[in-house]
Asker: 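If you scroll down you'll find the structure; I have some questions about it.
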Amino acid sequence: MTIQDWGALGEMVGGVAIIFSLIYVGVQIRQNTNALRLSTAHNAAVDLSDINLVPAINGEFADIFYRGLQDISSLRGVEVLRFYAYFHKYFRTWEDAYYQFTQGALEPGPFAGITSQFKSVAYMSGFRLYWQDRKSWYTPKFQDYVDREILTAATGEFKLAGT
């Protein structure tokens with residue numbers, strides 16, 4: 001075999017190695033994308049669970065939250081501050097989930113569940129008043145989403161288990 005033959009053989013082996021390397025990289029990217037989506041869905045679920053835990057473990061705040069949802073004017077002084085601070089965290093977490101969804105990192109199924117949670121309270125006056133007062137704190141795309149998809153579809157009542 002001549003040196004040119006060896007060179008041609010080396011090029012062919014190198015070309016095959018490159019093809020296998022590209023296939024391997026493609027598989028790794030797909031696995032990383034799936035892991036990212038699973039992690040995003042998990043983080044959104046944990047964040048929302050943590051938010052919902054606040055009124056569950058703090059009876060005083062549960063009362064503030066429940067009254068505030070129904071009628072903010074029933075709250076006094078620092079209760080309004082606590083209600084708005086809680087709702088700020090509530091909306092920021094939701095906005096983050098919305099952003100992750102629009103970027104393809106959060107699948108439609110988990111996002112639909114998150115959206116359903118917000119639709120269940122969006123018709124309440126406290127929700128709407130907070131949104132009216134603080135809407136400008138959020139991105140224009142999220143504002144449009146809440147106005148178009150949530151507030152227009154919000155009907156029903158906030159139901160507690162066993163009631």
Side-chain angles (χ1 to χ4, degrees), residues 19-72 75 79-163:
I19 290 171
F20 282 117
S21 294
L22 290 174
I23 291 170
Y24 176 76
V25 167
V27 168
Q28 291 293 72
I29 288 172
R30 182 175 298 211
Q31 288 175 345
N32 287 343
T33 300
N34 288 338
L36 173 65
R37 286 187 178 135
L38 290 171
S39 177
T40 301
H42 172 76
N43 290 340
V46 167
D47 288 348
L48 288 168
S49 293
D50 287 350
I51 289 170
N52 289 322
L53 188 60
V54 172
I57 63 174
N58 183 325
E60 178 191 357
F61 183 73
D63 178 62
I64 292 169
F65 179 61
Y66 189 72
R67 286 186 295 121
L69 275 175
Q70 295 174 3
D71 180 15
I72 287 181
L75 302 179
E79 291 177 334
V80 176
L81 176 66
R82 291 178 72 189
F83 181 82
Y84 269 58
Y86 177 78
F87 253 93
H88 179 68
K89 174 65 174 159
Y90 202 74
F91 272 85
R92 280 289 177 218
T93 300
W94 184 20
E95 183 181 37
D96 180 58
Y98 172 77
Y99 178 76
Q100 297 298 330
F101 173 71
T102 62
Q103 298 304 305
L106 184 60
E107 298 280 338
F111 187 68
I114 291 167
T115 298
S116 179
Q117 175 182 339
F118 286 91
K119 283 181 180 177
S120 72
V121 294
Y123 75 95
M124 299 188 81
S125 67
F127 183 103
R128 289 176 180 266
L129 186 59
Y130 172 85
W131 184 243
Q132 178 185 336
D133 289 348
R134 299 293 187 259
K135 177 179 177 176
S136 65
W137 289 11
Y138 303 92
T139 63
K141 286 183 180 180
F142 183 67
Q143 291 175 31
D144 182 56
Y145 168 73
V146 172
D147 290 341
R148 184 178 30 84
E149 298 291 329
I150 304 303
L151 294 179
T152 59
T155 59
E157 64 181 80
F158 185 63
K159 296 180 182 176
L160 299 174
T163 61

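Because only heavy atoms are used, hydrogens play no part in the values below, and waters and symmetry mates are left out as well, while side chains stay in.
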Asker: Pick from F118, Y138, F101: which one makes a ring pair (Phe, Tyr, Trp, His ring centres under 6.0 Å) with W94?
Answerer: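 Exactly one option meets the ring pair (Phe, Tyr, Trp, His ring centres under 6.0 Å) with W94, and it is F118.
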
Asker: For side-chain hydrogen bond (donor to acceptor under 3.5 Å, both in side chains), just list the numbers for Y99 and E95, CA-CA rounded to whole Å, side-chain angles, deciding distance to a tenth of an Å, and then say yes or no.
Answerer: CA-CA 6 Å; Y99 178 76; E95 183 181 37; over 6 Å; no

Asker: Are T115 and Y98 side-chain neighbours, meaning at least one heavy-atom pair lies under 4.5 Å?
Answerer: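 A side-chain contact under 4.5 Å is absent here.
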
Asker: Go through the structure and list residues passing salt bridge (charged side-chain N to carboxylate O under 4.0 Å, His left out) with R82, not counting sequence neighbours.
Answerer: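 Applying salt bridge (charged side-chain N to carboxylate O under 4.0 Å, His left out) to R82 gives E60.
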
Asker: Can you tell me how far apart OH (Y123) and CG (L69) are? Round to the nearest 0.5 Å.
Answerer: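 Going from OH on Y123 over to CG on L69, the span is 8.5 Å.
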
Asker: Looking at I72, is its backbone amide N or carbonyl O close enough to the side chain of R67 to form a donor-acceptor pair, meaning the two atoms are under 3.5 Å apart?
Answerer: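 No; judged by distance alone, with no hydrogens or angles, the pair does not exist.
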
Asker: Starting at CG of D71, measure out to CE of M124 and round the result to the nearest 0.5 Å.
Answerer: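 So the CG of D71 and the CE of M124 are separated by 10.0 Å.
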
Asker: Between Y84 and L129, is there a side-chain heavy-atom distance shorter than 4.5 Å?
Answerer: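 Sidechains of Y84 and L129: in contact.
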
Asker: Keeping Q143 on the side-chain end and K135 on the backbone end, is there a donor-acceptor pair under 3.5 Å?
Answerer: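 Present.
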
Asker: I need the minimum non-hydrogen distance between I114 and A97, along with the two atoms involved.
Answerer: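 In this case the closest contact between I114 and A97 is CD1-CB, 3.9 Å.
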
Asker: Starting at OG1 of T93, measure out to NE2 of H88 and round the result to the nearest 0.5 Å.
Answerer: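 Reported value, rounded in 0.5 Å steps: 9.0 Å.
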
Asker: For the atom pair NZ (K119) and CZ (F127), what is the distance rounded to the nearest 0.5 Å?
Answerer: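 Taking NZ in K119 and CZ in F127, the distance rounds to 11.5 Å.
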
Asker: For P55 and Y86, work out which heavy atoms get closest and say how close.
Answerer: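 It is CD-OH, 3.6 Å.
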
Asker: For F87 together with F83, are the ring centres under 6.0 Å from each other?
Answerer: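 Yes, they do, as the ring centres are separated by less than 6.0 Å.
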
Asker: Given the rule in the side-chain contact (heavy atoms from CB on, under 4.5 Å) test, do V121 and F65 qualify, once you have shown the distances and angles that lead to the verdict?
Answerer: CA-CA 12 Å; V121 294; F65 179 61; 5.6 Å; no

Asker: Would you sort out whether Y145 and F111 count as a ring pair (Phe, Tyr, Trp, His ring centres under 6.0 Å), showing the intermediate values?
Answerer: CA-CA 13 Å; Y145 168 73; F111 187 68; 5.8 Å; yes

Asker: Find out whether I150 and W131 are in side-chain contact, i.e. whether some heavy atom of one side chain is under 4.5 Å from a heavy atom of the other.
Answerer: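 The answer is no; the side chains never approach within 4.5 Å.
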
Asker: Locate the shortest heavy-atom distance separating A122 from R128; write the atom from each residue and the value.
Answerer: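 Closest heavy-atom pair between A122 and R128: O-NE, 3.1 Å.
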
Asker: Are the aromatic rings of F91 and Y130 close, with centres under 6.0 Å apart?
Answerer: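 Yes; Y130 has its ring centre under 6.0 Å from that of F91.
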
Asker: My understanding is that only residues two or more places apart in sequence, or in another chain, count here; which of them pass salt bridge (charged side-chain N to carboxylate O under 4.0 Å, His left out) with K89?
Answerer: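 If we apply the salt bridge (charged side-chain N to carboxylate O under 4.0 Å, His left out) test to K89, skipping adjacent residues, there are no hits.
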
